[in-house]
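Notes for the one structure printed next.
Side chains included, hydrogens not; waters and symmetry mates left out as well; all remaining heavy atoms used.
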Amino acid sequence: MWKEIGDRERGILRPKSFTTRIKSNRIRTLQISNHKDIVSPHRASINSLQVDLTEGRYLLSGAADASAAVYDVQRATEYEGGGLIAKHKCLFVVDKQHEHGHKYAISSAIWYPVDTGLFITGSHDHHINVWDTNTTQVVMNFKMPGKVYRTAMSSLATSHMLIAAGTEDVQVRLCDIASGAFSHTLSGHRDGVMTVEWSTSSEWVLVTGGCDGAIRFWDIRRAGCFLVLDQSHSQLGRRPTIPEHSATNKALTSKSLSSGQNLNAKPRAQQRKLANGNGTKQSPVGKMPAKGSLRQRLHPGMLSSLDRATAHYGAVTGLKATEDGMYLLSAGSDSRLRLWDVASGCNTLVNFETVRLQGSKPIQLATSQDSALVFVPCMTAVKAFDVWSGNTSQTFRGHYEYVNSCWFSSQEQELYTGGNDKQILVWSPSRLIADEDEGPAQDRDNWSD
């Protein structure tokens with residue numbers, strides 16, 4: 001760390017590069033925390049974890065005993081070991097004893113993305129509840145056609161308040177908090193939908209993974225899915241990035257062409273000639289083809305051979321989009337982890353090292369703040385893989401039973417994991433010796449009696 005500080009002082013490192021490097025160094029030293037402990041009130045397996053997206057302070061957990069709890073991960077409720085171990089007990093818990101609580105296992109618990117005033121739980125009792133955090137009362141309820149496997153809300157949304165719900169039914173339903181009703185029903189999967197994930201680059205794009213092995217992309221503004229991922233459709237490695245100077249030159253060129261009317265006249269005339277004559281002109285990539293064309297007839301959302309493509313040889317159990325929205329990570333019951341290029345829909349063929357994944361229930365993946373690492377629950381351990389090479393960076397062992405969920409806090413560079421052993425473990429960067437002496441009981445100077 002001192003080398004990075006010296007490079008920053010000499011101006012060798014830019015501020016952003018310095019921050020990224022320090023965070024990466026902290027992530028590489030993650031270990032089970034010896035100074036922070038989450039006291040779990042759950043009496044069954046923990047299925048879902050999420051730290052709020054606004055303050056990065058409140059951890060929400062959902063468990064198979066139909067309970068959900070909230071913890072303050074920045075302010076401890078009590079200290080042990082002479083003030084060296086911070087105990088974080090839940091601020092409140094809602095369970096079966098609550099008047100409007102769930103009756104069966106909670107499979108998904110998420111925060112409302114805008115603030116911590118609301119949180120959403122989905123359960124095997126076929127219900128999705130929207131809770132008021134301050135009063136711990138249910139303010140809205142949605143009755144689903146089957147067990148709820150996963151729920152998700154878009155962190156980018158400014159035009160809608162939709163909860164995407166994956167259930168054991170073949171249809172994906174979008175629940176509108178604003179109206180209290182279902183706004184969309186997305187049909188295409190041939191079996192239950194285990195996982196749902198909103199795009200991190202567009203508030204309108206939803207990704208779903210089903211028990212039929214299919215991963216589908218939906219634009220909720222139009223009917224039908226617009227992309228079905230095919231594991232046999234592949235490209236080797238990462239797509240090259242566009243240099244900044246190339247993008248600038250392209251923008252300047254397009255601006256100069258748009259300002260000159262004479263330059264545009266001839267190509268338009270040729271276009272009309274090609275359209276009316278015998279010549280054929282291919283549609284540009286990414287633009288909608290002419291009505292009735294072959295490409296539109298083979299749209300993946302319609303009846304075609306592409307509609308039956310599969311991304312895994314079993315159920316899709318986990319999805320996670322990278323921070324920039326350009327890539328998608330998927331996990332399946334075939335114990336395969338795959339990285340997809342969203343723009344081309346190709347399997348990048350990254351060979352992730354041998355993993356064993358649960359196949360009977362959804363798992364929750366997590367990525368680091370720069371999407372360089374992906375954290376994957378692998379039976380009783382959690383493995384951190386390099387996203388681009390597939391190599392195992394770290395292995396976290398601490399749970400006594402299967403791990404179901406993990407959440408990475410980019411603010412604290414901490415990893416939270418929950419499993420069938422009813423425990424929530426905290427993995428923190430290793431602390432300096434000077435830091436270990438900090439605590440409420442150590443707040444004294446050298447001259448104190």
Side-chain angles (χ1 to χ4, degrees), residues 38-52 58-71 89-113 116-153 161-169 171-177 180-182 192-196 211 317-318 358 360-364 401-407 416 418-424:
I38 304 292
V39 181
S40 171
H42 302 298
R43 297 183 299 248
S45 61
I46 295 167
N47 297 326
S48 180
L49 292 173
Q50 186 182 19
V51 176
D52 71 277
Y58 299 104
L59 174 68
L60 173 65
S61 62
D65 62 351
S67 65
V70 174
Y71 318 80
K89 295 183 178 179
C90 64
L91 302 178
F92 65 84
V93 60
V94 290
D95 53 20
K96 291 181 180 179
Q97 309 304 322
H98 192 282
E99 181 183 2
H100 301 290
H102 290 289
K103 304 306 178 187
Y104 302 116
I106 291 179
S107 54
S108 178
I110 60 172
W111 285 107
Y112 180 56
T116 56
L118 296 174
F119 67 91
I120 297 97
T121 56
S123 171
H124 287 182
D125 63 4
H126 302 193
H127 285 274
I128 293 177
N129 289 347
V130 181
W131 299 81
D132 186 314
T133 310
N134 298 311
T135 62
T136 64
Q137 295 298 318
V138 175
V139 295
M140 198 168 294
N141 176 274
F142 297 94
K143 179 71 169 68
M144 308 304 290
K147 294 179 182 177
V148 179
Y149 290 133
R150 193 64 72 192
T151 58
M153 291 191 74
M161 299 170 63
L162 299 177
I163 305 169
T167 69
E168 62 182 353
D169 186 56
Q171 294 179 324
V172 180
R173 284 171 171 78
L174 301 185
C175 314
D176 189 1
I177 295 180
F182 297 114
V193 180
M194 263 198 175
T195 180
V196 292
C211 297
T317 56
Q358 291 192 65
S360 59
K361 62 191 301 186
I363 60 174
Q364 186 180 350
E401 297 183 35
Y402 287 173
V403 183
N404 302 317
S405 57
C406 54
W407 182 270
Y416 302 92
N420 290 351
D421 56 4
K422 314 169 193 175
Q423 299 300 314
I424 300 174

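Here the straight-line distance linking atom OG of Ser61 with atom CD1 of Ile106 works out to 8.5 Å at 0.5 Å rounding. To the nearest 0.5 Å, atom CE of residue Met194 and atom OG of residue Ser107 are 10.5 Å apart. The OH atom of Tyr416 lies 10.0 Å from the CG atom of Leu49; values are rounded to the nearest 0.5 Å. Here the straight-line distance linking atom CD of Gln364 with atom OG of Ser108 works out to 8.0 Å at 0.5 Å rounding. We find the CD-CD distance between Glu401 and Gln423 to be 10.0 Å, quoted to the nearest 0.5 Å. To the nearest 0.5 Å, the span separating CG on Asp132 from OH on Tyr112 amounts to 12.5 Å.
With a 4.5 Å cut-off on side-chain heavy atoms, Phe119 and Thr121 count as touching. Side chains of Ile177 and Ile163 form a contact here, defined as non-hydrogen atoms less than 4.5 Å apart. Between Tyr71 and Pro41, some side-chain heavy-atom pair lies under the 4.5 Å cut-off. Between Pro145 and Gln171, the closest side-chain pair of non-hydrogen atoms is not below 4.5 Å. Between Gln50 and Ser405 there is no side-chain heavy-atom pair separated by less than 4.5 Å. For the pair Asn420/Lys361, a side-chain contact is recorded, criterion being any heavy-atom separation below 4.5 Å from C-beta on. Inter-residue side-chain proximity for Glu168 and Met144 is flagged as unmet; no heavy-atom pair is nearer than 4.5 Å.
Taking all atoms of both residues into account, the shortest heavy-atom contact from Asp176 to Met140 is O-SD, 4.3 Å. Across all non-hydrogen atoms, the minimal contact from Thr151 to Gly122 is CG2-CA, 4.5 Å. Ile128 and Cys175 get closest at one heavy-atom pair: CD1-SG, 4.3 Å.
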I'd like to know whether Gln358 forms a side-chain contact (heavy atoms from CB on, under 4.5 Å) with Asn404, so could you lay out the CA-CA distance, the side-chain angles of the two residues, the decisive distance to 0.1 Å, and finally the verdict. CA-CA 8 Å; Gln358 291 192 65; Asn404 302 317; 2.9 Å; yes
Walk me through it: do Asp65 and Asp95 pass the test side-chain contact (heavy atoms from CB on, under 4.5 Å)? CA-CA 8 Å; Asp65 62 351; Asp95 53 20; over 6 Å; no
How far apart are the C-alpha atoms of Leu59 and Ile424, what are their side-chain angles, what is the distance that settles it, and do they pass the side-chain contact (heavy atoms from CB on, under 4.5 Å) test? CA-CA 10 Å; Leu59 174 68; Ile424 300 174; 4.2 Å; yes
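Put simply, the side chain of Ser67 never gets that close to the backbone of Val94: no donor and acceptor are under 3.5 Å apart. Between the side chain of Ser48 and the backbone N or O of Gly62 there is no donor-acceptor pair closer than 3.5 Å. No donor-acceptor distance shorter than 3.5 angstrom exists from the side chain of His100 to the backbone of Asn141, with no hydrogens or angles considered.
Environment of NZ in Lys89: sparse, with no more than 12 heavy atoms of neighbouring residues, nucleotides or ligands closer than 6.0 Å. Summarising the local packing, OH of Tyr402 is surrounded by 12 or fewer heavy atoms from other residues, nucleotides or ligands at distances under 6.0 Å.
Of the residues Lys143, Lys103, Lys147, the one that meets the side chain to side chain contact (heavy atoms under 4.5 Å, CB included) test with Asp125 is Lys103.
Partners of Thr116 according to the side chain to side chain contact (heavy atoms under 4.5 Å, CB included) rule, which considers only residues two or more places apart in sequence or in another chain, are Asp52, Thr54, Glu55, Tyr58, Trp111. Under the side chain to side chain contact (heavy atoms under 4.5 Å, CB included) criterion, Ala152 pairs with Val196, Trp198, sequence neighbours left out.
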